[in-house]
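Data block below; observations after.
Reckoned from all heavy atoms, side chains included, excluding hydrogens, waters and symmetry mates. Reminder, nothing fancy here: chain letters follow the sequence lines and each chain counts from 1. As the structure is a prediction and not an experimental result, all values here were calculated from the model.
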Number of protein chains: 2
Amino acid sequence: MPKVGMEPLRRRALIDATISAIGERGSLDVTMSEIAGRAGVSSALAHHYFGAKEDLLAATMRHLLSELLTDTTAALRVAETPRARVSAVISVNFSDKQFRAATIAAWLAFYVEAQKSPGLRRLLRIYAHRLHSNLMSGLARLLPRADAEHVAEATAAMIDGLYIRRALRDGIPNAASAIALVEDYLETKLSQAARAR
Amino acid sequence: MPKVGMEPLRRRALIDATISAIGERGSLDVTMSEIAGRAGVSSALAHHYFGAKEDLLAATMRHLLSELLTDTTAALRVAETPRARVSAVISVNFSDKQFRAATIAAWLAFYVEAQKSPGLRRLLRIYAHRLHSNLMSGLARLLPRADAEHVAEATAAMIDGLYIRRALRDGIPNAASAIALVEDYLETKLSQAARAR
DNA sequence: TTTTATTGATTGATGCGTCAATAAAAAATA
DNA sequence: TATTTTTTATTGACGCATCAATCAATAAAA
């Protein structure tokens with residue numbers, strides 16, 4: 001059976017299995033055997049490629065993060081105006097790929113785990129910082145600096161909050177209404193600023 | 001040593017110990033021994049009073065929830081106007097007692113745990129519902145029904161989001177600025193509505 | 001023959017939940 | 001009031017299950 005060049009395929013399969021396992025269990029205490037089983041390999045192989053369980057979890061987190069960043073930069077590339085840049089960032093966060101039960105459960109679980117693990121916390125800080133600066137890349141051209149910072153904070157908080165409510169499967173059932181909520185806030189703040197000018 | 005009437009004292013001490021243990025560890029996987037140790041008793045006693053670990057966690061969650069509800073009703077009682085009612089609900093959520101690292105870590109951990117445990121999920125649904133209707137108790141008198149619902153959703157999401165960001169100890173360092181963010185949103189929406197009228 | 005892929009079996013640790021044992025208070029009985 | 005009995009409080013020790021991590025063994029490529 002052993003065919004060479006399996007490593008990248010197995011790594012990817014194990015990471016995918018980790019996300020779906022976390023999504024189904026709803027928490028990070030999934031076993032290595034559970035994950036490995038989903039990926040169709042033995043738990044020993046998972047250890048072979050990733051070392052400790054925490055390393056696999058960190059790799060999964062990094063994967064989630066880099067997917068989000070990739071999608072975001074792609075969306076930003078085609079955004080023509082500052083206003084469109086802000087909407088692009090928002091829509092990526094609520095895209096089908098991101099705003100899915102398994103993905104959200106994984107994010108939530110990682111937030112909790114980050115309390116313990118400094119490595120994970122660093123990764124989440126990076127995420128928060130990127131989200132902020134991506135939002136600012138549009139807002140800074142629409143509002144005075146201080147207001148832009150303020151609106152970026154509030155928008156980021158709203159996005160995180162909507163993720164949580166989605167995890168609870170209560171209120172805000174779909175991505176469209178979540179986007180509408182955030183966009184409405186933005187529109188309100190922008191028109192308020194325009195009036196003041 | 002055995003003195004009669006220990007039960008309520010022990011129960012309370014164990015629940016407090018659970019919160020602080022979760023706060024320090026940052027997650028729900030604290031051991032019964034750890035909790036019992038903090039409460040100054042053996043793990044066997046914790047089992048004696050609460051049964052399974054999950055029961056202790058559920059009791060802790062219920063305690064957190066009922067404290068929040070008690071504080072909220074107290075704050076609502078002294079609120080004179082509809083506008084004051086909304087502010088009252090917000091300020092309770094960011095009060096010293098609620099917006100504390102240990103409490104927030106516990107809430108976050110419970111959100112994750114709720115994915116697995118239907119009992120906990122029910123409790124969190126109750127919390128979300130109460131928060132919503134408490135906000136509505138003021139908003140319904142300030143805005144048309146549909147707008148009020150919308151603003152209540154957004155406010156609730158913002159509150160949850162700010163909790164998460166607090167848990168990460170990143171951005172929004174203190175309660176005051178968190179309140180300012182939410183109040184600013186509210187004020188903006190209310191004045192927008194007033195102008196439209 | 002060396003490297004890469006893979007696993008079953010095993011080990012060691014951890015932690016929940018139980019149980020029998022101890023002791024002090026309260027209640028019942030003499 | 002003195003005693004026995006029952007109830008309440010409490011724990012150390014232990015069984016049992018789970019799981020992460022290791023390792024020796026197998027087999028196909030290079």
Pairing annotation in dot-bracket form, given for DNA chain D with Watson-Crick or G-U pairs under 3.5 Å and | for cross-strand partners: ||||||||||||||||||||||||||||||
Those residues of residues 7-22 of chain A lying under 4.0 Å from DNA chain C by at least one heavy atom: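 Result for residues 7-22 of chain A: A:Glu7, A:Arg10, sorted by number.
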Nucleic acid contacts - residues 49-58 of chain B versus DNA chain C, non-hydrogen atoms under 4.0 Å: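 Going residue by residue through residues 49-58 of chain B, the ones with a heavy atom under 4.0 Å of DNA chain C turn out to be B:Ala52, B:Lys53.
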Under 3.5 Å, which donor-acceptor pairs do the side chains of residues 44-59 of chain A form with other protein atoms, sequence neighbours left out?
unit_1	atom_1	unit_2	atom_2	d
A:His47	ND1	A:Ser43	O	3.3
A:Lys53	NZ	A:Val30	O	2.8
A:Asp55	OD2	A:Ala52	N	3.2

Residues which pass salt bridge (charged side-chain N to carboxylate O under 4.0 Å, His left out) with A:Arg25, listed by chain and number, not counting sequence neighbours: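 Once residues adjacent in sequence are excluded, A:Arg25 has no partner under the salt bridge (charged side-chain N to carboxylate O under 4.0 Å, His left out) criterion.
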Listing, residues 73-82 of chain A side-chain donor-acceptor contacts under 3.5 Å, not counting sequence neighbours, or none:
unit_1	atom_1	unit_2	atom_2	d
A:Thr73	OG1	A:Leu69	O	2.7
A:Thr73	OG1	A:Thr70	O	3.0
A:Thr81	OG1	A:Ala84	N	3.0

Neighbour count above 12 (heavy atom, 6.0 Å) for B:Arg130 CZ: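 For B:Arg130, atom CZ is not crowded (no more than 12 foreign heavy atoms under 6.0 Å).
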Atom-to-atom span, CE of A:Met6 to P of C:dT6 - whole angstrom: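 That distance rounds to 6 Å.
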All pairs passing ring pair (Phe, Tyr, Trp, His ring centres under 6.0 Å) where [range] contributes a residue, at least two apart:
range: residues 103-123 of chain A; result: A:Trp107-A:Tyr127
range: residues 178-197 of chain B; result: A:Tyr185-B:Tyr185
range: residues 13-38 of chain A; result: none

For the student: nearest non-hydrogen atoms of B:Ala102 and B:Ile19, plus distance: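 Scanning both residues, the minimum pair turns out to be CB-O, 4.1 Å.
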Pairing residues for B:Arg122 by the side-chain hydrogen bond (donor to acceptor under 3.5 Å, both in side chains) criterion, not counting sequence neighbours: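 Once residues adjacent in sequence are excluded, B:Arg122 has no partner under the side-chain hydrogen bond (donor to acceptor under 3.5 Å, both in side chains) criterion.
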Residue list, side-chain hydrogen bond (donor to acceptor under 3.5 Å, both in side chains) with A:Ser20, at least two apart or on another chain: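 With neighbours one apart ignored, the set is A:Arg38.
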Side-chain donor-acceptor pair present, A:Ser87, A:Glu183, cut-off under 3.5 Å: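 A pair is found: one side chain offers a donor N or O, the other an acceptor, under 3.5 Å apart.
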Any donor-acceptor N or O pair under 3.5 Å, side chains A:Ser177, A:Asn174: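 Looking only at side-chain atoms, A:Asn174 and A:Ser177 do form a donor-acceptor pair, the distance falling under 3.5 Å.
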Close approaches to DNA chain D from residues 23-48 of chain B, in residue order (heavy atom, under 4.0 Å):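 Heavy-atom contacts with DNA chain D come from B:Val41, B:Ser42, B:Ala44, B:Leu45, B:His48.
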B:Val4 side chain, from C-beta outward: closest of D:dT10, C:dA25, D:dA30: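 Given the options D:dT10, C:dA25, D:dA30, the side chain of B:Val4 is closest to C:dA25.
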From A:Thr60, A:Ile35, A:Leu9, residue fulfilling side-chain contact (heavy atoms from CB on, under 4.5 Å) relative to A:Leu14: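 Answer to the side-chain contact (heavy atoms from CB on, under 4.5 Å) test with A:Leu14 among A:Thr60, A:Ile35, A:Leu9: A:Ile35.
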